[in-house]
Amino acid sequence: MTDGEIPESHPRYESLLTRHRIEEGVDKGITSRQGLIAQGRGEAFDYLLGERTIPSADDAERVAAAHLLLAEHPVISVNGNVAALVPGEVVELGEATSADLEVNLFNRTDERMTAIVDHLREHGAEDVKGLTADGRIPGLDHERAKVDADGIGDADVVVVPLEDGDRAEALGEMGKTEVVIDLNPLSRSARAADVPIVDNVIRAVPNVTEHARDLADADRETLESIVAEFDADEALAAAERAIRDGDGADAAED
Ligand code: ATP
Ligand code: MG
């Protein structure tokens, strides 16, 4: 089966497409087998959220775009699931916000690092960081601490979709502004974020790009007020309400 063979009219089109891309990612050596488990966990939350971008997530996506546009040095971290699901979309987000892409793996192997860098290049990325690994995140064991000194090491704003909880916390402690995309509002990663986006990475990344394009001409003052008005705890609470109560609660806020 290829992407094109899943009929768009299928009621579970997006979910089938996502599974298919992850499977293909594993076959190509991009996604780890643990990535399959993470995907399953994510799907369960997406199902409960109604497989849609809830209003509070859309707000967070706009805030993320404002942070990226304000940043001195924004970096988007790419792991095996992200590379399999949204390779072209992260390249576009990087272009729309002048952010670097850096490959950053929980289970780091040279083969997978190279496969992901090549895959991103095939999707239009020019410069992909992550292979130098001459920087370290303090407080993590050796392999998981590795970053590029002139990439995530130097970034003021980092987007970490599907980041592991420990590393999300450690990055936060380095004083970086952290945007996390994670379907589980209770996960440590989402809780460690300055901007938690509780949405599927497949919807979230293109939507942040769209917001960035909308905000491209906004002045700093406008962007700063978008950032200042955001309340991360309230965003997490809204997502949890949407999950617990079904459609009504979150929709009723608008
Ligand atoms: P914790 O953050 O609580 O320590 P964890 O990071 O160890 O948990 P994992 O199962 O390793 O938990 O992480 C996978 C996370 O990624 C889950 O929270 C899951 O909801 C999220 N996830 C998986 N697929 C997607 C996706 N397509 N879009 C957004 N989030 C996803
Ligand atoms: Mg997590």
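What you are looking at is a predicted structure, and each value in this text was computed from that prediction instead of being measured.
- Between Ile30 and Arg112, the closest side-chain pair of non-hydrogen atoms is not below 4.5 Å.
- Between Asp164 and Ser189, every side-chain heavy-atom pair lies at or beyond the 4.5 Å cut-off.
- Here Glu234 pairs with Arg241 in a salt bridge; the nearest charged N to carboxylate O distance falls below 4.0 Å.
- When the options Glu14, Glu43, Gln39 are evaluated for a side chain to side chain donor-acceptor pair (under 3.5 Å) with Arg19, the one that passes is Glu43.
- Looking only at side-chain heavy atoms (C-beta outward), Val201 and Leu162 come within less than 4.5 Å of each other.
- We find the CE-OG1 distance between Met113 and Thr109 to be 8.5 Å, quoted to the nearest 0.5 Å.
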Asp156 vs His73, side-chain hydrogen bond (donor to acceptor under 3.5 Å, both in side chains): CA-CA, chis, key distance, verdict: CA-CA 6 Å; Asp156 54 345; His73 183 191; over 6 Å; no
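- More than 12 heavy atoms of other residues, nucleotides or ligands sit less than 6.0 Å from atom OH of Tyr13.
- Residues Glu92 and Pro206 fail the side-chain proximity criterion, which asks for heavy atoms closer than 4.5 Å.
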Please lay out, stage by stage, how Asn81 and Thr31 fare under the test side-chain hydrogen bond (donor to acceptor under 3.5 Å, both in side chains). CA-CA 6 Å; Asn81 287 50; Thr31 310; 5.1 Å; no
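- Two residues are said to be in side-chain contact when any heavy atoms from C-beta on lie closer than 4.5 Å; Leu215 and Arg62 meet this criterion.
- Using a 4.0 Å cut-off between charged side-chain N and carboxylate O, Glu51 and Arg203 make no salt bridge.
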Could you please spell out the steps behind the side-chain hydrogen bond (donor to acceptor under 3.5 Å, both in side chains) verdict for Asp58 and His211? CA-CA 9 Å; Asp58 183 55; His211 281 298; 2.9 Å; yes
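- Summarising the local packing, CG of Asp217 is surrounded by 12 or fewer heavy atoms from other residues, nucleotides or ligands at distances under 6.0 Å.
- Atoms CG and CD1, from Asp199 and Ile181 in turn, are 8.0 Å apart once rounded to the nearest 0.5 Å.
- Judged by distance alone, the side chains of Asp59 and Ser56 never bring a donor and an acceptor atom under 3.5 Å apart.
- To the nearest 0.5 Å, atoms CD (Glu240) and CG (Leu49) are separated by 11.0 Å.
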